[in-house]
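Remember, it's 1-based here, ligands and their atoms both numbered in the order they're listed. For reference, positions follow the sequence shown, starting with 1.
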Amino acid sequence: MTSPLGQLSTVDPAIASMIEGERQRQRQHIELIASENFTSPAVIEAVGSILTNKYAEGYPQKRYYGGCEFVDQIESLAIERAQQLFHCEHANVQPHSGSQANTAVYLACLKPGDKILTMSLEHGGHLSHGYAKNISGMLFEVTHYGVSDESGEIDYDQLESIANGLHPKMITVGASAYSRTIDFERVGTIAKNCGALLMADIAHIAGLVATGLHPTPVPYADFVTTTTHKTLRGPRGGMILCKKEWAKSIDSAVFPGTQGGPLMHVIAGKAVCFLEDLRPEFKEYQRQILNNCKTLCNAMEERGFHIVSHGTDNHLFLIDLRPTHPEISGKDAQIALERANITLNKNTVPHETRSPFQGSGLRIGTPALTTRGMKEKEMLQIANFMEIILKDITDEKVIENVQKQAIELCAKFPLPH
Ligand code: DSN
């Protein structure tokens, strides 16, 4: 395949060659980062379009700039499709990222010093859910809930009992490293009973929610936030869904509250992604993500690896390396696998004993490989690759041999760009 970077190669050969390097890396690596995906050429065209030239502060029909006729149509269509996809009353498609979306929700309904109850980062939560060094942790009084020691699943009883004693202004639910189905209905009831608002962050599982393969939080949560580039397979960005009564506050918390001009090229990419996500093929794709993830997770378990929360119901799972490979940190494992063209990320695990920079776990996800067309058979092959590398992460011959096989496997599943 040739490079489509005609102009860029002439104007800035340095950047063009770095983009080419990244293109080759994406083509030749087994991508297991649970939060990454390969978006479609149509989405990439929209994001790479002349829409990047346009300022459009405000919302459709209420802009602070002239010349917004076409971007108004684009944003309105993106909103309409988002509402259709998630069956929600209101959608704001302007957040630049998931963290921006969450921050805007906080601004819309919380005051500094308010109490929030959130899932701890170590147990699978997210930085923007009250981590001490995130703005959410600096502005609010944060209490965490987590997963149960035995099952590794969210401890809903603990969450309920903390909520009833604490009376938080808001509960957040949703995770970046949690492999089990989340009971949004139960958390909705807990929030209601203690008078808290509920924010569900579905950044990781949005594709599963949109296709009905994971229960939706929309009926139970006041706010639902997501990114658009993970299981939704769209451009890098964020979005907020909410009930009508919060629409005005959310819109003004996004603009002018936390952002200036919207990225209209990205909003166009979101609209294209939502259209793709409304097609029946997208549900088939999500089903295959789940089948692949179960297959890979079971294969790793059969090889003796310890799976956090004993399995997976979604697109990812976590391996705790401590029981089987106590001498290898997540970081060392990540580096060795990367050298064999297997890309994933180290992760902290519940009751972590290493620093977050080392970690004792690996997070493994199947959305990207499934987009390439890989199925159960390839998952078994990848489980073998990982087992062999982790047996001795210093064996250069093994790394070289697996790298060769990984490149061969990727070549059988070419990317469209
Ligand atoms: N950084 C994302 C992830 O990898 O899960 C979450 O924001």
Side-chain angles (χ1 to χ4, degrees), residues 25-26 29-39 95-106 118-137 144 146-147 154 172-180 182 199-209 214 217 223-240 258-259 266 270 273 289 293 297 308-309 312-319 330-331 333-334 337-338 342-350 352 356-371:
R25 191 197 66 78
Q26 290 187 15
H29 280 237
I30 292 174
E31 183 55 74
L32 289 168
I33 294 179
S35 49
E36 291 191 9
N37 212 330
F38 301 111
T39 198
H96 302 330
S97 71
S99 292
Q100 290 281 117
N102 290 345
T103 305
V105 169
Y106 301 143
T118 79
M119 182 146 158
S120 96
L121 185 62
E122 188 191 299
H123 286 212
H126 188 253
L127 292 169
S128 62
H129 301 177
Y131 179 64
K133 290 186 178 164
N134 182 268
I135 188 168
S136 55
H144 289 303
V147 297
I154 292 175
T172 76
V173 61
S176 58
Y178 182 68
S179 64
R180 290 306 194 177
I182 298 176
M199 180 183 91
D201 180 343
I202 59 166
H204 265 262
I205 55 171
L208 298 169
V209 169
H214 187 292
F223 314 96
V224 177
T225 58
T226 184
T227 52
T228 48
H229 51 273
K230 297 186 176 91
T231 46
L232 284 181
R233 207 164 58 178
R236 193 155 290 278
M239 174 162 72
I240 304 171
T258 48
Q259 293 187 174
V266 179
K270 289 174 186 174
C273 145
I289 291 177
C293 197
C297 179
V308 175
S309 75
T312 176
D313 302 319
N314 61 23
H315 64 298
L316 67 78
F317 64 94
L318 285 154
I319 291 178
K331 183 182 176 191
Q334 177 191 310
L337 289 161
E338 172 99 44
I342 298 170
T343 314
L344 44 63
N345 63 286
K346 64 175 183 276
N347 221 92
T348 51
V349 286
E352 182 58 74
F357 201 64
Q358 293 292 328
S360 298
L362 294 174
R363 189 182 66 161
I364 296 174
T366 53
L369 292 184
T370 310
T371 294

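Residue contact check: His204 has heavy atoms under 4.0 Å from atoms 3 (C), 5 (O) of ligand 1. For ligand 1, the atoms lying closer than 4.0 Å to a non-hydrogen atom of Ser176 are 5 (O). Applying the 4.0 Å criterion to heavy atoms of Ser35 picks out, from ligand 1, the atoms 3 (C), 4 (O), 5 (O). Interface of His126 with ligand 1, defined as ligand atoms under 4.0 Å from a residue heavy atom, comprises 6 (C), 7 (O).
In this structure, Ile205 and Tyr178 have side chains that are not in contact, with every pair of non-hydrogen atoms separated by 4.5 Å or more. With a 4.5 Å cut-off on side-chain heavy atoms, Asn37 and His229 do not count as touching. The side-chain heavy atoms of Gln100 and Gln259, taken from C-beta on, include a pair separated by under 4.5 Å. Using a 4.5 Å heavy-atom cutoff, the side chains of Leu337 and Leu362 are in contact.
Remark: the backbone N or O of Gly125 is paired with a side-chain donor or acceptor of Ser176 at under 3.5 angstrom.
Counting heavy-atom neighbours within 6.0 Å of Ile135 CD1, excluding the residue itself, gives a total of 12 or less.
For atom 7 (O) of ligand 1, the protein comes within 4.0 Å by at least one heavy atom.
With respect to atom 2 (C) of ligand 1, the closest heavy atom belonging to the protein is Lys230 CE, 4.0 Å.
In Arg363, the part holding a heavy atom less than 4.0 Å from any atom of ligand 1 is the side chain.
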